Amino acid sequence: MVATGMPHITHATIRHLLRVCMAFCLLSLGSMMVGVAQRDSTQSMQLQVVDITDNGSGTSLARPSAAAVQSLSALQIQHLPTLQLSDALKYLSGVVIKDYGGIGGLKTISVRGLGSQHTGMLYDGIPITDCQTGQIDLGKLSLDNISSVELTVGTDESVLLPARAHSYSNLIRLRTFQTLPDKPLHLKTAITFGSYGMVSPLIQCTHLIKSRKYEHRFLIWNLNASYLQSKGDYLYTLHYGGVRDSVSLEKRQNTDIATFNTEANVLVQLRQGEQLSFKGYYYDSHRGLPNATILYNLNASQRLDNHNGFGQMNYRKIFNRKWSYLLNAKFNYDYTHYLDPEYLNEAHRLDNTYQQYEGYISNAVCFAPLHKKIVYVPRGRDLFLGLANDLFYNQLESDNIDYQHPARFTSMTALTARYQDRRWAVNGNLLLTTVNNMAQDTTLGSTFVHLSPALSLSVQAHKHFRVRAFFKDIFRMPTFNDLYYREVGNLNLQPEKTWQWDLGFTGETPKLWNGCFSMAASIDGYYNIVRDKIVAFPTRNLFSWSMINYGRVHIAGAEINLRGVFTIHQHHHIMLNANCTYQYAVDRTDPGYATYNHQIPYTPRWAGSISTTAQIAKVCISYAVMLSGKRYALGENIPENEVAGYADHSLAVQYETKIDECTLGLKVELLNLSDKNYEVVRNYPMQGTSFRMKVYFQY
């Protein structure tokens with residue numbers, strides 16, 4: 001909905017609002033520091049470091065949440081063949097990772113047939129964003145400092161959340177601190193070697209300082225730094241035509257990468273129920289961009305440099321049994337340099353730089369009118385009401401777009417409610433989004449206003465069985481690249497609007513065979529309608545895309561998740577995880593179009609994964625296979641556009657031994673055992689069989 005009568009917000013107004021936000025942050029920090037000096041005078045709920053989740057050996061999928069929630073603990077991630085966040089997410093149902101090959105290839109996510117911009121990412125409670133493309137490269141995020149990864153599809157069960165978290169169809173949570181460290185000082189060093197010149201050293205330090213005067217006060221600081229480099233020049237088979245035509249063995253070119261990643265975290269428990277945390281992050285990468293493997297055009301020379309840094313603050317406070325408060329603030333800077341020395345223009349080169357800025361502040365409050373106990377008991381009856389407001393300002397600086405200094409000011413306000421008792425859990429929220437686009441041409445500075453409702457329901461139908469359902473409305477603006485980028489921008493793009501429905505069942509068995517075996521399962525059926533779906537197609541290389549609107553897309557699908565644990569002995573157990581996803585995602589824009597009722601690009605009908613882990617004393621063996629059916633590179637489902645399905649088999653063997661308080665470990669991974677150069681994206685072959693070896697020391 002476009003509100004044409006609303007006034008245009010100028011840059012001066014934005015600067016004034018940011019000053020007000022910063023002043024509010026400083027006042028809030030001042031009140032916190034005053035509170036530190038005061039003695040605990042009110043008995044309130046203990047605020048843990050984070051919400052405790054499954055430790056990795058449990059099987060629970062039958063959570064009281066009405067949303068579909070899947071999680072991986074640090075222990076599970078450690079056992080699986082994983083290096084980057086994209087590797088871990090591949091083992092979750094409904095997830096399709098668009099992987100452009102190699103360690104340095106771009107990796108984006110699609111969940112339940114929706115674009116990557118529909119999946120938000122909270123890093124210790126605060127969103128990670130990219131205003132230029134809207135896509136987060138999952139290959140940028142290391143797993144070494146992550147204690148858990150959680151994917152939520154639907155309405156989140158938490159009431160005390162930033163309003164921005166309600167604006168996504170799906171939400172990925174990354175947590176740094178899961179529980180309190182078991183000793184004051186933790187040190188970790190590791191180095192990983194792999195095929196094609198890969199080497200990646202890591203150093204990590206975590207320090208816990210407890211207050212001697214107050215029992216509930218402590219400080220944790222964490223420092224993590226890693227470096228990764230790889231040539232990525234793997235061999236692949238190039239097909240010149242049909243099955244009976246000739247082939248040649250080629251080497252992937254311009255696939256080198258060098259990245260440096262450092263992160264610092266500080267978490268302070270000020271008083272009982274009061275917590276403050278800071279995060280500083282910096283990422284630096286230099287990489288080549290390989291071309292699509294097109295006949296007689298295998299050389300590539302494009303380069304991409306990226307520097308990204310952000311600082312964020314999170315403050316939580318439980319005032320009493322009924323009231324709690326959350327404050328988030330963040331500043332993000334991102335620099336991108338793209339060079340194509342062989343571009344066919346007058347200058348015979350393309351040299352583009354982009355600088356992004358984002359200022360963000362969020363306030364949220366939660367009220368529990370029925371709360372009578374100091375510690376909440378889930379079996380009791382309770383009502384939670386929440387109100388959150390987020391303000392964020394995005395700006396893109398570049399001489400390579402048609403409109404100088406595009407900027408956007410966004411306000412999101414969410415009203416949430418949650419009721420639950422012994423059997424029922426009902427969640428609902430209303431999200432009001434106001435977006436003001438600002439560009440050099442004031443005719444483009446229109447304001448968009450959208451109200452997005454969401455409602456979910458969960459009921460305990462049996463002691464070990466739950467039924468859940470939800471509806472969610474999502475509104476997504478085009479990104480700056482979608483609109484303004486000179487080569488691929490499309491000023492006629494409309495905001496994308498999505499309706500989601502879901503009906504699911506979750507169940508878990510009691511402990512069987514004298515407590516040796518337990519199993520959990522979940523089944524979800526869903527239906528999504530996307531209007532004005534924004535679709536990106538890669539063109540010459542990974543930096544150039546083509547943006548279009550699909551008028552209407554219908555997505556019907558089903559997911560099945562199974563998880564089981566068989567305990568042979570205290571230190572001997574076997575874990576099994578399996579999932580399968582069916583998606584019928586078709587274009588329903590116009591019956592006269594050639595693509596009508598055709599599966600949308602790069603969305604397989606069938607996909608799934610199976611992983612099993614056997615822990616035998618000090619040795620852990622994991623086997624995993626990821627499966628995907630055929631897909632289509634373009635909208636027409638014809639043989640010329642077909643991308644074949646694949647099965648990717650991997651094996652990991654890990655050995656750990658303890659010497660006093662130290663841990664020594666060795667992990668060896670064999671990837672893509674079938675040695676197939678399958679393609680996730682057409683003409684971007686994946687590497688064949690490769691290996692990684694990691695040696696680590698922990699204190």
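Being a predicted model, the structure only gives us computed values, none of them experimental.
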Check G113 against I600 and note the closest heavy-atom contact, atom names and distance. O-CD1, 3.9 Å

Would you kindly say whether T689 and N672 are connected by a side-chain donor-acceptor distance under 3.5 Å? no

Determine whether the side chains of N314 and Q312 contain a donor N or O and an acceptor N or O closer than 3.5 Å. no

Polar contact flag, side-chain donor to acceptor under 3.5 angstrom, H337-D351: yes

Rounded at 0.5 Å granularity, tell me how far CD1 in I529 sits from CD in Q500. 11.5 Å

Distance only, no hydrogens: is a donor on one side chain within 3.5 Å (strictly under) of an acceptor on the other, for D334 and T336? yes

Any side-chain donor near an acceptor of the partner, D648 and Y646, under 3.5 Å: no

Between the side chains of Q204 and N224, does any donor sit under 3.5 Å from an acceptor? yes

Under 3.5 Å, is there a donor-acceptor pair between the S195 and S690 side chains? no

Judged by modelled atom types alone, do R287 and N306 share a side-chain donor-acceptor pair under 3.5 Å? no

According to the interplanar angle, ranging from 0 to 90°, do the rings of Y333 and Y357 count as parallel (below 30°), tilted (30 to 60°) or perpendicular (above 60°)? tilted

For the side chain of D675 and the backbone of G688, is there at least one donor-acceptor N/O pair under 3.5 Å apart? no

N561 and S93: side-chain donor and acceptor closer than 3.5 Å? yes

How long is the straight-line distance from CG of L72 back to CG of L89, given to the nearest 0.5 Å? 7.5 Å

Rounded to the nearest 0.5 Å, what's the gap from OG1 on T176 to CG on N265? Could you check? 4.5 Å

R692: what forms a side-chain hydrogen bond (donor to acceptor under 3.5 Å, both in side chains) with it, not counting sequence neighbours? E669

Which atom of L627 lies closest to which atom of A647, heavy atoms considered: CD2-CB, 3.5 Å

Considering residues at least two apart in sequence or located in another chain, which fulfil the ring-ring contact (aromatic ring centres under 6.0 Å, His included) criterion with Y696? none

Let's go through S110 and V95 carefully: what are the C-alpha distance in whole Å and the side-chain angles of both, what is the deciding distance for side-chain contact (heavy atoms from CB on, under 4.5 Å) to 0.1 Å, and is it a yes or a no? CA-CA 6 Å; S110 172; V95 171; over 6 Å; no

Output for pair (L83 CG, S200 OG), nearest 0.5 Å, gives 6.5 Å

Minimum-distance pair of heavy atoms, taken over all atoms of A585 and T603: CB-CG2, 4.0 Å

Identified side chain to side chain donor-acceptor pair (under 3.5 Å) counterpart of N394 within the set Q356, R408, E358: E358

Closest heavy-atom pair, D87 versus P81, reported as atoms and distance to 0.1 Å, is CB-O, 4.2 Å

Distance only, no hydrogens: is a donor on one side chain within 3.5 Å (strictly under) of an acceptor on the other, for N683 and N291? no

Verify the distance criterion only: is there a donor paired with an acceptor across the side chains of E636 and N641 at less than 3.5 Å? no

Just checking, R164 and F392: is the charged tip under 6.0 Å from the six-membered ring centre and within 45° of the axis? yes

Return yes if a side-chain donor-acceptor contact under 3.5 Å exists between Y584 and H554, otherwise no. no

Quick check: closest heavy atoms across G635 and H598, and the distance to 0.1 Å? O-CB, 3.3 Å

How long is the span from the CG atom in L651 to the OG atom in S622, to the nearest 0.5 Å? 8.0 Å

Is the W606 ring parallel, tilted or perpendicular to the Y582 ring (thresholds 30°, 60°)? tilted

Trace of the side-chain hydrogen bond (donor to acceptor under 3.5 Å, both in side chains) decision for D284 with Y282: CA-CA 7 Å; D284 182 280; Y282 178 73; 3.1 Å; yes

If you round to the nearest 0.5 Å, how far is CG of L141 from NZ of K107? 12.0 Å

Look at the aromatic rings of H307 and H286 and report parallel, tilted or perpendicular, splitting at 30° and 60°. perpendicular

Quick one, M121 with L171, criterion side-chain contact (heavy atoms from CB on, under 4.5 Å). Give me CA distance, side-chain angles, the key distance, then yes/no. CA-CA 6 Å; M121 196 171 298; L171 195 62; over 6 Å; no

Return the minimal non-hydrogen interatomic distance between S147 and F177, and the atom names on each side. OG-C, 3.9 Å

Please state whether the rings of Y281 and F310 are parallel, tilted or perpendicular, taking 30° and 60° as the class boundaries. parallel

Run through R631, Q583, R605 and flag the one making a side chain to side chain donor-acceptor pair (under 3.5 Å) with Q599. R605

